[in-house]
Amino acid sequence: MSYEDSARIINDDIFDLVNEYFQHEKNGRNNESRVDFFDTYKNYFVLTDDGSYSINSKEINHKVETLHTSTGAISESFEKFIKPMKFDYTEDIAILDICAGLGYNSSAAIADFLKHSDKNLTVDMVEISKATFACGILVPSPIPEHDITKKAIEKELIAEDYAALSLEKAEIPKNININVYIEDARQTVQRLDDDTYDAIFLDPFSQNMAPELFSVELFKEFRRIIKDDGIIATYTSSAPVRAGFIEAGFYIGLGPIFGRKQGGTLASPNPLMLDWSLPRNDEIRIALSDVGIPFRDPNLNSSSDFILEKRTEERHLARHNTKISSAVKTPIFLGCEMDDEKLKRRVERNLEKMNIPSTTSAEANYLVEVENEYSEKQDSENNSTNRILEMKKRLKKVKEGN
């Protein structure tokens, strides 16, 4: 199986139908198949609460999910990827959209840009699956700007000999340049110029499905290509992802909560671009436990399974050696009295292996003392990243008996 096949997320049935129909378009050059496709196979798409459509994923761990929140697919794009940005609309803007999918995030960015600016906008869209991009031109457009995105996608699908007919009628404005890349994002990113992007939208389906798109090494490439005041937005609140951003040289902050119980993650080279701290317990777990071991992809070409396996091995080696065990969320009890005796025994067994006598010992309080300065609103000095890095330093000293 090729990497493209394994990385593809959309449901097998719709994947096969879309490929079949575009092959028919190439062979017959009959536009009826594309015009009628959505009406014929509407049941394969998922209507979300704001009227925009999503698609079901293939079965993952015996479970099928939609690619977007049921609260609203296009609303999610605006809430998670546009609202957190701090664009200077008096200047030209450049955006990198990774795992562009149906094109909603790019379309939302175009809509926002056209509302606020008459400068130039560059949008680089990256998606490994031709069929997923093709679904983007088959679904009804939730906003007018999606027609602009559709036109760019269609051009590239024709250039890739996947589609044959130029049916999208929208004109791409002269001040908007859309580049479409149908390939492994890891390869695309390595060819991009330094200090280029004001924003990076990172929207893979899942860290467990695509850990290669959340690795420290890829984030280091992001650090190279993003501007000093640029912002990366991703929906995930995952500890290894947040830890990976920090290791790659970013500051991190809390992203918007929309359609999920937890907020996503924002990252920037400049801490002043990030308003909100991560939750206190998230900071402690990332800094002190093995759950904060990031994904690694040294040559930017490893398989998902290999990356997941290597992280599991690294977590095993770190546990009780350089990191507190993440079992029963042990680190969050540091500095706390515990009434549950059974849980307390489990927690303190884990702590003792790191030279921490109890949850209320001097060592325990020393580790999380930095959290006494915790504030939801963060600034250049008192922020999630600096607190996490300080706790990591302190854990090393405690383990060494210092």
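Please read all numbers here as calculations on a predicted model, not as lab measurements.
- Applying the 6.0 Å contact sphere to CZ of Arg346 captures no more than 12 heavy atoms from other residues, nucleotides or ligands.
- Two residues are said to be in side-chain contact when any heavy atoms from C-beta on lie closer than 4.5 Å; Arg315 and Val291 meet this criterion.
- Exactly one of Glu373, Arg387, Lys377 qualifies for a side-chain hydrogen bond (donor to acceptor under 3.5 Å, both in side chains) with Asn382. That residue is Arg387.
- With Tyr374 as the aromatic partner, Arg280 does not meet the cation-pi criteria of under 6.0 angstrom to the ring centre and within 45 degrees of the ring axis.
- The side-chain hydrogen bond (donor to acceptor under 3.5 Å, both in side chains) with Ser77 is formed by just one residue from the set Asp203, Asn105, Asp112; it is Asn105.
- Formation of a donor-acceptor pair under 3.5 Å by the Glu127 side chain with backbone atoms of Gly101 is found in this model.
- Closest approach of Leu121 to Ala109, counting heavy atoms only: CD2-O, 4.4 Å.
- Looking at Asp39, its side chain never comes within 3.5 Å of a backbone N or O of Asp36 through a donor-acceptor pair.
- Judged by distance alone, the side chain of Asp198 and the main-chain N or O of Ala94 form a donor-acceptor pair under 3.5 Å.
- Judged by distance alone, with hydrogens and angles left aside, the side-chain atoms of Glu348 form a donor-acceptor pair with the main-chain N or O of Thr359 at under 3.5 Å.
- Counted within 6.0 Å of CD on Gln187, heavy atoms from surrounding residues, nucleotides or ligands total more than 12; the atom is thus considered enclosed.
- Side-chain contact between Ile148 and Ile178: present, with at least one pair of heavy atoms (C-beta onward) separated by less than 4.5 Å.
- The pair Glu247-Arg296 meets the salt-bridge criterion, since a charged nitrogen lies less than 4.0 angstrom from a carboxylate oxygen.
- Taking a 6.0 Å sphere around NE2 of His116, one finds it holds more than 12 heavy atoms contributed by other residues, nucleotides or ligands.
- Annotation for Phe306: atom CZ does not count as buried by contact number, only 12 or fewer foreign heavy atoms lying within 6.0 Å.
- Taking each heavy atom of Leu96 and Val189 in turn, the nearest pair found is CD2-CG2, 4.3 Å.
- Side chain of Ser52 to backbone of Ile74: a donor-acceptor contact under 3.5 angstrom is found.
- Residue Phe201 is tested with Tyr235, Phe81, Phe222 for a ring-ring contact (aromatic ring centres under 6.0 Å, His included); the sole match is Phe81.
- A perpendicular orientation is assigned to the rings of Phe38 and Tyr53, their planes being inclined by more than 60° (bins at 30° and 60°).
- Other residues, nucleotides and ligands place more than 12 heavy atoms under 6.0 Å from the CD atom of Glu400.
- Using a 4.0 Å cut-off between a side-chain N of Lys or Arg and a carboxylate O of Asp or Glu, Lys26 and Asp161 qualify as a salt bridge.
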Where do Phe295 and Phe214 land on the ring-ring contact (aromatic ring centres under 6.0 Å, His included) test, with the steps shown first?
CA-CA 7 Å; Phe295 300 108; Phe214 290 107; 7.0 Å; no
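- A salt bridge is defined here as a Lys NZ or Arg NE, NH1 or NH2 lying under 4.0 Å from an Asp or Glu carboxylate O, and Lys227 with Asp195 fails to meet this definition.
- Side-chain contact between Asn56 and Tyr44 is absent, with no heavy-atom pair separated by less than 4.5 Å.
- Contact between Asp92 and Asn120 at its shortest, heavy atoms only, is OD1-N, 3.0 Å.
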Decide yes or no on salt bridge (charged side-chain N to carboxylate O under 4.0 Å, His left out) for Arg242 and Glu283, but give the supporting numbers first.
CA-CA 9 Å; Arg242 289 169 166 175; Glu283 293 181 0; over 6 Å; no
List the steps, then state whether ring-ring contact (aromatic ring centres under 6.0 Å, His included) holds for Tyr162 with Phe133.
CA-CA 11 Å; Tyr162 183 86; Phe133 257 152; over 10 Å; no
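- Between Glu352 and Arg349 there is no salt bridge, since no side-chain nitrogen of the basic residue lies less than 4.0 Å from a carboxylate oxygen of the acidic one.
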What verdict does the side chain to side chain contact (heavy atoms under 4.5 Å, CB included) test give for Glu212 and Ser302, after you've listed the backbone C-alpha separation in whole Å, the side-chain angles of each residue and the deciding distance to 0.1 Å?
CA-CA 7 Å; Glu212 64 274 17; Ser302 299; over 6 Å; no
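- Using a 4.0 Å cut-off between a side-chain N of Lys or Arg and a carboxylate O of Asp or Glu, Arg394 and Glu390 qualify as a salt bridge.
- Phe250 and Pro269 get closest at one heavy-atom pair: CD2-N, 3.8 Å.
- A salt bridge links Asp275 and Lys86; the closest N-O separation between the charged side-chain nitrogens and carboxylate oxygens is under 4.0 Å.
- Inter-residue side-chain proximity for Val18 and Ile14 is flagged as met; some heavy-atom pair is nearer than 4.5 Å.
- Shortest non-hydrogen contact noted between Leu213 and Cys99 is CD1-SG, 3.4 Å.
- Ion pair Glu154/Arg34 flagged as a salt bridge, since at least one NZ, NE, NH1 or NH2 atom sits closer than 4.0 Å to an Asp/Glu carboxylate oxygen.
- Annotation for Lys151: atom NZ counts as buried by contact number, over 12 foreign heavy atoms lying within 6.0 Å.
- For the residue pair Leu395 and Ala287, the shortest heavy atom distance occurs at CD2-O, 4.5 Å.
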